[in-house]
Amino acid sequence: MNIFFQKTHQRAFGTFPLRHDACMAAIAVALDAGYRAFDTAQMYGNEAEVGEALAQAGVPRQDLCVTTKVHPDNYAEALFLASVEKSLKDLRLDYVDALLLHWPPLDGDIASLLRLLQSAQDKGLARHIGLSNFTAGMMRDARDILDGPIVTNQVEFHPLLNQDILIRAANETGIPLSSFTSVARGEVFKYPQFAEIGKTYGKSAGQVVLRWILQKGVSVNTMSTKPENIRANFDIMDFTLSSIDMVRIDALTHTNKRIVGSDLVPWAPDWD
């Protein structure tokens, strides 16, 4: 079974842009709420805090699913494995459960980069490997280059952005998607449909959004510093949206509100 399809790992606690005490406090609440999957990245600059918070919690290592991502600055062969080893040192772990490439390489040499990612797995630094922010075409290329499974492509995914092309690529390649900016940094709350639907199930607008993502076959990453929101974001497994409500939400994807665009990230690829 894909690691992100496991019941306690479908809902991960994301840590961007948390730092220092705020990061550790939020992780402590998340652990108490039931989260066992945690997402960080070299680019976030908080791997040490994540590692310290998890170590203090004393949760058995086998119960955790820790994901980190390699910074594009470390894509050179001379830097790649050393950067992963530094991440493990900061995280206080012998391995991460999933090691992702944070962004596609600027030079377009996906094959060489994937081989470096594979070497990290071969050396036992990561149990699983995956992608982030890869286009549908890049997903197909990655599938053809690597012999082993690719556990995810972590991408922006929420009800205000049409990602049908990536969903089709996920089904075609067997590389499932996982979400970031799952509530579009609050933009979803400008649409009354989510709260209206939520009343039917006794759930909040945010819980409806996250449940919609899960029912699209996409695992969820969420972040909050508010304990009530951290707990609510985890509490989405006790209801199922009807097909009518799913279609109603699907209609909002044509809004095509992209949060992480080239204006924010100049090195982003040409999105599908």
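For this chain, numbers begin at 1 and follow the sequence in order. Note that the coordinates shown come from a computational prediction; the quantities given were computed from them, not determined experimentally.
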Could I get the full list of side chain to side chain donor-acceptor pair (under 3.5 Å) partners for [X], not counting sequence neighbours?
| X | result |
| --- | --- |
| Asp122 | Gln118 |
| Lys257 | none |
| Lys86 | Asp90 |
| Thr181 | none |

Would you say that [X] contacts [Y] through its side chain, given a criterion of any heavy-atom pair below 4.5 Å between the two side chains?
| X | Y | value |
| --- | --- | --- |
| Ile230 | Thr225 | no |
| Val209 | Ser182 | no |
| Ile249 | Phe194 | yes |
| Val183 | Asn233 | no |
| Ser119 | Leu81 | yes |
| Met223 | Pro17 | yes |
| Asp39 | Tyr44 | yes |

Taking ring pair (Phe, Tyr, Trp, His ring centres under 6.0 Å) as the test, write out the residues that go with His71, two or more places apart.
none
Phe13: which residues meet the ring pair (Phe, Tyr, Trp, His ring centres under 6.0 Å) condition with it, sequence neighbours left out?
Tyr35
Qualifying residue for side-chain contact (heavy atoms from CB on, under 4.5 Å) with Met246, from Leu241, Ile197, Thr240:
Leu241
What residue pairs, at least two apart or across chains, pass side-chain hydrogen bond (donor to acceptor under 3.5 Å, both in side chains) with a residue in residues 185-211?
Glu187-Lys190, Glu196-Arg248, Tyr201-Asp245, Lys203-Asp235, Lys203-Asp238, Ser204-Gln207, Arg211-Gln215
Which residue pairs pass the side-chain hydrogen bond (donor to acceptor under 3.5 Å, both in side chains) test with at least one member in residues 124-136, sequence neighbours excluded?
Asp97-Arg127
Salt bridge (charged side-chain N to carboxylate O under 4.0 Å, His left out) pairs touching residues 5-22, sequence neighbours excluded, are Arg19-Glu49
Heavy-atom count around [X] [atom1] within 6.0 Å, excluding the residue itself: above 12?
| X | atom1 | result |
| --- | --- | --- |
| Asp63 | CG | yes |
| Asp270 | CG | no |
| Leu264 | CG | yes |

Euclidean distance, [Y] [atom2] relative to [X] [atom1], rounded to 0.5 Å:
| X | Y | atom1 | atom2 | result |
| --- | --- | --- | --- | --- |
| Arg115 | Ile145 | CZ | CD1 | 7.5 Å |
| Tyr75 | Trp103 | OH | CH2 | 9.5 Å |
| Met24 | His20 | CE | NE2 | 11.5 Å |
| Ser83 | Asp73 | OG | CG | 10.0 Å |
| Leu64 | Arg36 | CG | CZ | 7.0 Å |
| Leu131 | His102 | CG | NE2 | 12.0 Å |

Under the 3.5 angstrom rule, does the side chain of Asn46 hit a backbone N or O of Thr15 as a donor-acceptor pair?
yes
I'd like to know if the side chain of Thr152 and the backbone of Pro176 have a donor-acceptor N/O pair within less than 3.5 Å.
yes
Here's one to test your reading of the geometry: is the NZ or CZ of Arg61 within 45 degrees of the ring axis of Tyr95 and under 6.0 Å from its centre?
yes
If you link I, L, V, M, F, W and Y whenever their side-chain heavy atoms are under 4.5 Å apart, who else ends up in the same group as Leu100?
none
Connecting only ILVMFWY residues whose side-chain heavy atoms lie within less than 4.5 Å of each other, what is the rest of Phe4's hydrophobic cluster?
Ile3, Val151
Between Ser87 and Gln42, does a side chain to side chain donor-acceptor pair (under 3.5 Å) hold up when you go through it step by step?
CA-CA 7 Å; Ser87 290; Gln42 295 173 355; 3.1 Å; yes
For a quick check under 3.5 Å, do Asp109 and Ser112 share a side-chain donor-acceptor pair by atom type?
yes
Would you please say whether a donor-acceptor pair under 3.5 Å links the side chains of Gln56 and Glu52?
yes
Residues 159-166 side chain polar contacts: donor-acceptor under 3.5 Å, at least two apart:
residue, atom, partner, partner atom, Å
Asn162, OD1, Asp164, N, 2.9
Gln163, NE2, Glu156, O, 2.8

Verdict with supporting geometry, Ser178 and Asn221, side chain to side chain contact (heavy atoms under 4.5 Å, CB included)
CA-CA 7 Å; Ser178 57; Asn221 287 279; 4.1 Å; yes
